[in-house]
Undergrad: 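Take a look at the following structure, please.
Just so it is clear: chains get the letters A, B, ... in the order the sequence lines come, proteins before strands, and each one is counted from 1.
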Amino acid sequence: MTESNCAITYSAKDYKSETKPVWCPGCGDYSVLSSITKAFADLNLEPHKTSVVSGIGCSSRIPAYTTTYGFHTIHGRALVVGAGLKLARPDMTVLVAGGDGDGFSIGGNHFLHACRRNVDMTYVVMDNRVYGMTKGQPSPTTEPDWDASAMAPPGGTGMTPFNPLAIALAAGANFVARCFSGDPNGTAAVIAEAIKHPGFSFVAVMSPCITFREEQREWKNVVRPSPVDSTTDAAQAAKRLMTDDGFNMGILYRGARVPYSPKGAGQATIGDLEAEFAL
Amino acid sequence: MTESNCAITYSAKDYKSETKPVWCPGCGDYSVLSSITKAFADLNLEPHKTSVVSGIGCSSRIPAYTTTYGFHTIHGRALVVGAGLKLARPDMTVLVAGGDGDGFSIGGNHFLHACRRNVDMTYVVMDNRVYGMTKGQPSPTTEPDWDASAMAPPGGTGMTPFNPLAIALAAGANFVARCFSGDPNGTAAVIAEAIKHPGFSFVAVMSPCITFREEQREWKNVVRPSPVDSTTDAAQAAKRLMTDDGFNMGILYRGARVPYSPKGAGQATIGDLEAEFAL
Amino acid sequence: MTQNKGVSGSVSLAMCGSGGAGVMTAANMLLDAAAEAGYYALFGRSSGPQIRGGEAAAIVRLSPEPVTSVDDTTEILLAIDWQNVQRFAAELPLDKNSVIITDPTQGEVPEVMAKSGARIVELHMKDLAKEIPGGRPNMIALGAVAQLIGLSVDVVCEVLGQSLKKKRADAYEASVAAVKKGAEAALSMGTTKQLGKLAGEPAKRWSITGNEAAALGAVRGGVRFCAAYPITPATEILEYLSSALPKVGGTFVQAEDELASINMCIGGSFGGAASITATSGPGLSLMIEALGMATASETPVVVVDVQRGGPSTGIPTKSEQSDLNIALYGLHGDGPHLVVAPNSIGDCLMTTQWAVHLAEMTQTPCIVLSDQSLGQSRTIMPVPADVAFVGKRLTVTEALPEGQVYKRYANTASGVSPMAIPGTLGCQYTADGLEHTETGLPSSQANDHSTQQDKRLRKLTGFEYGDLWATVEGEGDIAVMCWGSCVGAAREAIARAAADGVKARLIAPRLLYPTRPDVMAKALAGVKKVLVVELSHLGQFHRYLKGEYDLPAEIQQIKRGGPLPIRPNEIHSRLLSMGK
Amino acid sequence: MTQNKGVSGSVSLAMCGSGGAGVMTAANMLLDAAAEAGYYALFGRSSGPQIRGGEAAAIVRLSPEPVTSVDDTTEILLAIDWQNVQRFAAELPLDKNSVIITDPTQGEVPEVMAKSGARIVELHMKDLAKEIPGGRPNMIALGAVAQLIGLSVDVVCEVLGQSLKKKRADAYEASVAAVKKGAEAALSMGTTKQLGKLAGEPAKRWSITGNEAAALGAVRGGVRFCAAYPITPATEILEYLSSALPKVGGTFVQAEDELASINMCIGGSFGGAASITATSGPGLSLMIEALGMATASETPVVVVDVQRGGPSTGIPTKSEQSDLNIALYGLHGDGPHLVVAPNSIGDCLMTTQWAVHLAEMTQTPCIVLSDQSLGQSRTIMPVPADVAFVGKRLTVTEALPEGQVYKRYANTASGVSPMAIPGTLGCQYTADGLEHTETGLPSSQANDHSTQQDKRLRKLTGFEYGDLWATVEGEGDIAVMCWGSCVGAAREAIARAAADGVKARLIAPRLLYPTRPDVMAKALAGVKKVLVVELSHLGQFHRYLKGEYDLPAEIQQIKRGGPLPIRPNEIHSRLLSMGK
Ligand SMILES: Cc1ncc(C[n+]2csc(CCOP(=O)(O)OP(=O)(O)O)c2C)c(N)n1
Ligand SMILES: Cc1ncc(C[n+]2csc(CCOP(=O)(O)OP(=O)(O)O)c2C)c(N)n1
Ligand code: SF4
Ligand code: SF4
Ligand SMILES: [Mg+2]
Ligand SMILES: [Mg+2]
């Protein structure tokens with residue numbers, strides 16, 4: 001593309017780079033990549049004004065597979081790198097992406113605080129309920145009885161999995177959605193909504209790891225579009241999420257807090273600042 | 001005390017050390033210390049079988065003011081040090097204590113995971129909605145419009161404060177309570193219940209910082225005992241907490257998950273292990 | 001850098017007392033008066049373990065010439081009361097030439113202080129204050145001290161007027177009366193060391209703390225983004241930036257922890273904003289992983305570490321030079337990065353400004369090693385030079401011709417690769433902490449690794465640092481090598497040794513990493529003996545110098561952990577013995 | 001430690017191919033057969049960037065004597081197909097004496113490999129496999145290789161039987177047929193290097209990876225608690241401990257991150273359980289703050305860092321020796337702690353066991369620096385010695401007499417203070433990372449600080465480490481100084497140089513911190529020239545040696561970043577030139 005006066009219309013493939021993903025054939029993340037690029041196209045975002053920031057994990061490889069500005073950071077820190085970018089550069093569209101281990105295990109604190117801080121960016125988690133990259137350990141969203149891992153005790157960890165959406169809501173997130181990678185168009189539509197939403201938006205995408213959690217191939221048979229409409233009542237949403245079985249898809253909550261945007265508009269000179277110290 | 005066959009009955013003062021607290025006169029933490037020692041006495045815990053673990057902050061100075069085993073760790077890590085102790089030594093009673101900055105800001109991830117992991121210990125947070133130790137910066141529970149801090153912008157941060165109880169619940173905590181330091185007996189009773197509760201129990205104590213948040217002296221006029229009974233229904237509790245104004249005291253939720261306790265009971269010898277590698 | 005000789009006309013004094021005694025108020029007034037009168041000063045404070053209030057000591061050195069070091073002893077120690085004041089004994093060295101001013105109604109002079117042999121003088125501060133309606137003992141103290149050292153009592157009263165007259169006229173009257181009474185009482189105390197006379201008209205000066213100076217230096221250097229987490233003794237840098245940055249169109253964020261703060265800064269910098277954060281040892285520990293990412297992804301960022309006593313939580317309110325190791329060698333992997341250190345309170349400004357410049361020019365993180373004694377002390381100092389360093393990044397601003405791929409990590413001759421700031425059309429790339437090819441694609445190939453490793457090192461070793469790399473002063477075959485807050489004392493000791501006929505030179509690197517073997521060799525030319533001076537128990541600076549440079553065979557050390565500063569007389573006497 | 005001479009009867013080979021070609025299966029069978037026959041071996045693997053599957057290379061060295069180093073070249077390179085195999089070119093050095101075995105139906109030998117001048121031999125693995133119902137090319141390859149190097153094809157078939165016969169009889173038949181066909185085809189390939197004959201009856205041996213060995217060593221040393229977070233290339237240590245610890249009554253916890261894992265270990269250790277965690281560079285970075293706390297609070301804990309390429313995420317699957325800096329100097333403040341490094345795959349066992357012992361005896365954290373090439377490679381090795389190190393902490397077990405206060409941080413002569421394990425009656429104390437008095441009360445006084453600093457250092461410098469501190473072998477006025485995974489290659493190079501008449505000694509510290517100036521001086525007695533060998537771009541080990549020890553003036557270096565290992569011939573040829 002070259003700059004020109006006539007408006008450019010982008011298609012999903014304009015956001016896909018030529019780099020071949022390292023993902024296993026059949027990994028759910030391919031579809032999530034398609035959904036993200038489709039959402040970008042739906043919103044006709046300029047690639048050079050868009051950024052994808054990630055942590056570390058299979059899913060976190062995603063920035064290099066797009067044609068936007070990307071930052072493949074370190075494990076668990078994607079949300080804060082993304083927030084820094086957005087706060088310094090409010091003109092950029094920032095999408096942060098990664099896995100359940102990256103986002104909810106090592107990155108859990110930034111997740112909590114991102115929900116509260118409400119910087120205008122979108123967080124897409126490719127949740128496969130496992131650490132794919134490190135060859136299959138349980139993550140915070142793993143079922144308590146999953147024990148097909150060399151690091152889980154026989155019978156599984158016994159720990160109730162996290163409900164990231166319920167946590168997001170409790171922490172103050174204003175846009176909370178769940179999608180399934182097997183429905184790339186539906187996922188793209190939700191991601192587009194999320195990007196449009198002012199403030200922090202959280203989209204958890206169930207994205208099967210067919211290598212370490214082959215049984216997730218079954219997900220396509222159990223997910224269902226949200227049987228209830230999205231709500232703007234946080235208490236209502238909380239109640240629903242605390243009883244939800246994890247397979248209801250859609251935008252589950254949408255609130256209206258003002259995004260956080262601390263960039264100053266001041267015009268002071270250095271001389272003005274220095275004057276304060278002069279005797 | 002010396003070991004003897006006849007049962008010893010401890011009183012609160014048996015748990016108070018002779019070290020003079022560094023706290024400001026009038027700090028709410030004095031009362032919390034009294035409540036903790038009273039709870040220990042109510043349960044007649046043996047001081048040497050009890051441990052108080054903390055992070056860094058004014059409130060986190062508390063271990064040295066007790067006569068139990070104590071660990072004054074580093075900022076934000078009290079819960080994980082405490083969990084390690086309890087997991088290695090299930091025979092010890094472990095109480096973890098600290099401030100809102102320590103627990104919800106830098107320590108937020110461990111807080112989330114402690115709720116999920118459900119190690120049998122009690123977490124008492126002295127919440128004064130400020131960083132006392134570092135001279136008054138906003139914490140995650142600080143009101144959005146508080147700006148009497150050299151690090152807050154005029155008008156305050158504008159960020160909705162956290163509701164730690166709602167987060168705890170969403171993360172899977174099974175005992176969630178709120179107390180007020182101005183009611184030391186009530187607080188002691190709740191802490192005693194919390195210690196008795198199997199698994200992780202969370203007690204948020206509103207404890208005024210009279211130095212940096214003088215207005216918190218008013219809390220005594222606004223807190224009220226929980227107008228509703230404690231519930232065992234998480235969805236119900238979530239709904240209630242999401243609408244709660246933060247001044248309802250009491251045990252707000254109590255569930256029944258099994259505590260996490262991975263200590264093995266195996267009797268293998270080193271020789272057994274070595275045999276696996278012999279050709 | 002002008003050489004600061006003996007500082008002969010200076011007076012060092014301390015005022016102390018328990019919480020509520022008003023020690024700090026009085027000391028601040030004294031400082032303001034000295035400032036008004038045209039003097040230079042250093043002002044530090046020490047306090048007990050209580051969170052707020054509790055005993056405190058104000059430690060002041062006033063001088064007709066610029067000062068950058070504490071003196072050997074406390075020439076005047078005034079205690080409004082003695083409650084717990086013995087805790088400060090080690091920080092307030094006394095000798096036979098010292099004068100202790102005590103209020104006999106407020107307890108005995110503690111044994112540890114009395115045994116110094118200092119002359120003890122009584123001043124009934126409490127009783128004298130009572131004679132004045134609304135009078136306070138600290139103002140009696142202020143008047144007495146001003147009178148003793150020869151600071152005009154009129155100027156003191158003028159300063160009182162500036163701060164009190166309008167708001168609280170009655171307090172003003174009472175204070176003036178008390179100051180005068182104190183001054184009068186001092187007339188009968190015998191002579192003490194007098195503040196030297198000023199040479200001419202008072203020069204233009206600034207009053208600033210090291211932390212304020214570092215923060216201002218950052219803004220001067222172009223910083224427009226800061227995310228941070230409070231920690232003693234760095235918080236004042238953040239407080240300053242939180243109000244100053246929005247004024248210049250910048251952004252300040254209080255982050256949830258140091259992992260967040262450094263990573264937000266890296267995100268901001270990736271977005272094109274020169275970014276800084278400030279912390280102390282525990283926080284720096286948490287930033288290590290991200291600093292490695294900044295190194296590998298070539299994202300500039302500045303971290304000011306205001307060192308305190310270590311290890312671990314250590315001694316948060318006191319100074320030490322023991323974070324040198326982590327700053328130089330703390331990263332995992334081979335991650336060359338910049339480390340600089342200011343050598344006086346005022347130099348915090350220039351060094352931090354330079355740090356921003358270096359980081360931006362080389363697209364590399366830079367750690368600035370300040371310390372508590374620099375950061376939290378105030379100085380009255382000459383107006384700092386208007387140095388022109390402003391961080392300028394080599395960027396690509398135009399889209400490349402069709403078909404050409406932007407190489408973010410191009411293997412250039414200088415090692416610096418033009419960086420596309422997000423928003424630049426057609427230069428989209430992915431920054432990565434994984435090893436990568438020139439375009440930024442992940443690679444585990446040995447040749448890509450060595451190309452990028454060479455390039456990342458070359459950026460730093462090939463940069464032209466100029467004279468700022470070190471303070472090199474004087475001649476002689478003895479060199480005092482030191483850094484940071486030890487430099488002031490070393491300079492003063494060298495001046496004294498020169499007066500005693502022992503010539504020594506000062507070699508104090510401001511640039512600690514990368515090392516500069518060639519220029520160091522020049523600085524060391526002719527040196528036969530080296531004295532390495534530092535406030536580190538393990539002698540970190542000594543090991544650094546030995547490992548990284550070729551030093552003469554004879555090396556002596558003055559090293560110990562904090563919190564007590566190394567004073568000029570320790571260095572001076574060692575120089576005399578080395579000069580024999 | 002027995003000295004491993006030329007290892008003349010060894011054969012080095014590699015088998016490679018794309019995902020699904022069965023390279024690893026074949027190589028494992030080969031290893032099992034060699035083990036069965038009584039040989040020793042090293043076995044490493046390399047793979048492409050894909051998360052799973054993708055091209056892979058099995059790199060094997062078989063030998064009639066124990067081996068701890070890769071050889072200079074790949075003597076036999078067999079490719080089942082060539083897809084992306086050129087990616088491994090740098091890892092599989094070839095020369096004129098090498099043989100490349102290629103299936104002409106599966107692509108050309110890549111130029112980069114062909115140009116080595118290696119002899120190219122064709123083997124129609126695919127076609128030959130097709131002739132057997134259920135036959136697979138990798139089994140053809142296995143048979144051919146076994147035949148070529150002189151490993152009994154019968155033993156190969158026996159091993160096939162052990163793993164396949166019962167479960168999958170048909171696959172077993174097909175595999176045996178394919179192996180035999182491959183062996184037959186190899187008869188016409190001309191001679192290649194033959195595996196040396198075994199001297200006598202096969203010795204007792206173990207088959208173990210470095211990561212397994214480290215984990216087993218930990219359990220042998222008394223570890224009963226591990227909290228950890230997975231990371232390449234350390235995960236196998238955790239996998240082993242997660243199943244082994246519960247078997248011996250211990251505890252394994254998967255933590256939410258490394259901040260949690262190290263702090264849980266510290267909590268467990270405070271509770272009396274010898275504790276360990278394992279990680280790699282990025283994780284170690286996150287543990288730094290807590291390691292400082294362990295140092296200051298005197299809580300023993302062991303961290304195994306299985307080093308990978310750095311900085312930052314770097315090259316997660318490949319080896320490097322570049323975490324030496326962070327391990328030695330990564331803590332803020334002056335926090336002396338233990339650092340040890342195993343020098344072979346098998347030595348991971350003893351060194352980790354020793355680490356637990358040292359940590360417990362000195363109540364100090366210990367970092368074990370392993371690396372990917374040790375941790376993730378398998379060795380067939382002599383049965384390790386049954387060393388008796390079991391971590392024993394000096395504890396107080398009885399309540400003190402009434403009125404006596406327990407001093408957790410008592411300033412003892414050895415520096416080690418008896419520790420009360422929670423549950424001990426009457427000895428309650430508060431452990432603290434703040435500087436403290438002997439009883440553990442926070443203190444910011446200089447004298448308490450220096451007392452505790454001296455004590456914490458004295459514990460380490462005064463400890464009796466014995467001969468294990470270093471591997472010191474041989475004589476001569478040249479010393480090769482190296483550490484960790486470079487030691488095997490150095491030893492082999494020194495043996496070859498000796499055969500060429502150049503005498504050199506090996507000095508390879510296993511104990512990296514604290515330093516041992518006296519014993520090092522002894523080890524260096526008579527040395528005129530030093531060759532420092534390491535896999536670090538910045539030469540971290542060299543700078544460490546120079547800074548911490550007094551070395552002879554003439555120092556040469558072999559240093560570079562990973563991932564390619566330093567091979568014996570590089571060191572050998574340098575020794576020859578130094579010996580001139
Ligand atoms: C500090 C640190 N700790 C651990 C690792 C190792 N690591 C890499 S990816 C990963 C987990 C990835 O899981 P997830 O985020 O769910 O991504 P997935 O691979 O499943 O898509 C871990 C533990 C690391 N790179 N850095
Ligand atoms: C890693 C690290 N970062 C920052 C600090 C500085 N620090 C000490 S206490 C504290 C906040 C304490 O706030 P809180 O936990 O609410 O305790 P309070 O003092 O209010 O009781 C901070 C930021 C530290 N000690 N360590
Ligand atoms: S391991 Fe799982 S998550 Fe990773 S690429 Fe393969 S299928 Fe996807
Ligand atoms: S500063 Fe606040 S929290 Fe800290 S001791 Fe004082 S009153 Fe308590
Ligand atoms: Mg995952
Ligand atoms: Mg607080």
Undergrad: B:Thr67 versus chain D, heavy atoms under 4.5 Å apart: side chain, backbone, both or neither?
TA: backbone
Undergrad: Given heavy-atom pairs under 4.5 angstrom as the criterion, report whether the side chain, backbone, both or neither of B:Thr68 touches chain D.
TA: backbone
Undergrad: So how far is it from B:Lys263 NZ to D:Phe225 CZ, rounded to the nearest 0.5 Å?
TA: 10.5 Å
Undergrad: In terms of heavy-atom pairs under 4.5 Å, which option from D:Val253, D:Ile266, D:Ile262 contacts chain B the most?
TA: D:Val253
Undergrad: Less than 4.5 Å apart, side chain to side chain, heavy atoms only: is that true for D:Met264 and B:Val81?
TA: no
Undergrad: So for B:Ala265, is it side chain, backbone, both, or neither that comes closer than 4.5 Å to the heavy atoms of chain D?
TA: backbone
Undergrad: Starting at CD of D:Glu212, measure out to CG of B:Leu273 and round the result to the nearest 0.5 Å.
TA: 12.0 Å
Undergrad: Is it the case that over 12 heavy atoms from other parts of the model lie below 6.0 angstrom from the CD atom of B:Glu18?
TA: no
Undergrad: Just give me the residue among D:Ser207, D:Gly440, D:Ala273, D:Pro442 that pairs up with chain B most often, heavy atom to heavy atom, under 4.5 Å.
TA: D:Ser207
Undergrad: With side chains defined as the heavy atoms from C-beta onward, is the minimum distance between D:Leu216 and B:Glu276 less than 4.5 Å?
TA: no
Undergrad: Can you tell me which of D:Gly272, D:Ala420, D:Ala255, D:Ala213 forms the most heavy-atom pairs within a distance under 4.5 Å of chain B?
TA: D:Ala420
Undergrad: For chain D, find which of B:Met92, B:Lys49, B:His75 contributes the most heavy-atom pairs closer than 4.5 angstrom.
TA: B:Met92
Undergrad: Does the side chain of B:Gln267 reach to within under 4.5 Å of the side chain of D:Val248, using non-hydrogen atoms?
TA: no
Undergrad: Can you tell me how far OG1 of B:Thr73 sits from CZ of D:Phe270, rounded to the nearest 0.5 angstrom?
TA: 10.5 Å
Undergrad: Could you grab the distance from atom CZ of B:Phe277 to atom CG of D:Leu349, nearest 0.5 Å is fine?
TA: 8.5 Å
Undergrad: Side chains of B:Arg89 and D:Pro422: closer than 4.5 Å at any heavy-atom pair?
TA: yes
Undergrad: Step by step, would you call D:Leu259 with B:Val80 a side chain to side chain contact (heavy atoms under 4.5 Å, CB included)?
TA: CA-CA 8 Å; D:Leu259 301 166; B:Val80 273; over 6 Å; no
Undergrad: Under a 4.5 Å heavy-atom cut-off, does chain B meet the side chain of D:Gln254, its backbone, both or neither?
TA: backbone
Undergrad: I'd like to know which of D:Ile380, D:Asp257, D:Leu245 tops the heavy-atom pair count under 4.5 Å against chain B.
TA: D:Asp257
Undergrad: Select, from D:Gly250, D:Ser261, D:Ala290, the one with the greatest count of heavy-atom pairs under 4.5 Å involving chain B.
TA: D:Gly250
Undergrad: Relative to chain B, which segment of D:Ala260 carries a heavy atom at a distance below 4.5 Å: side chain, backbone, both, or neither?
TA: both
Undergrad: Is it the backbone or the side chain of D:Thr299 that comes under 4.5 Å from a heavy atom of chain B, or both, or neither?
TA: side chain
Undergrad: Any donor-acceptor pair under 3.5 Å linking the side chain of B:Tyr69 with the backbone of D:Thr424?
TA: yes
Undergrad: Among D:Gly268, D:Gly423, D:Gly271, D:Gly433, which residue forms the greatest number of heavy-atom pairs with chain B at distances under 4.5 Å?
TA: D:Gly423
Undergrad: Backbone N or O of B:His113 within a donor-acceptor pair of the D:Glu256 side chain at under 3.5 Å?
TA: no
Undergrad: Which heavy atom of B:Leu279 sits nearest a heavy atom of D:Ala35, and at what distance?
TA: CD1-CB, 3.8 Å
Undergrad: Could you tell me which portion of B:Arg61 (side chain, backbone, both or neither) has an atom closer than 4.5 angstrom to a non-hydrogen atom of chain D?
TA: side chain
Undergrad: Atom CG of D:Asp432 and atom OG of B:Ser54: how far apart are they, to the nearest 0.5 Å?
TA: 8.0 Å
Undergrad: Do D:Gln428 and B:Thr66 come close enough that some side-chain heavy atom pair is under 4.5 Å?
TA: no
Undergrad: Of the listed residues (B:Ala88, B:Ala278, B:Gly264, B:Ser261), which shares the most heavy-atom pairs with chain D below a 4.5 Å separation?
TA: B:Gly264
Undergrad: Side-chain contact, heavy-atom cut-off 4.5 Å: D:Ser297 with B:Phe71?
TA: yes
Undergrad: For the atom pair CD1 (B:Ile74) and CG (D:Asn263), what is the distance rounded to the nearest 0.5 Å?
TA: 4.5 Å
Undergrad: Got a donor-acceptor contact below 3.5 angstrom from the D:Arg220 side chain to the B:Ile270 backbone?
TA: no
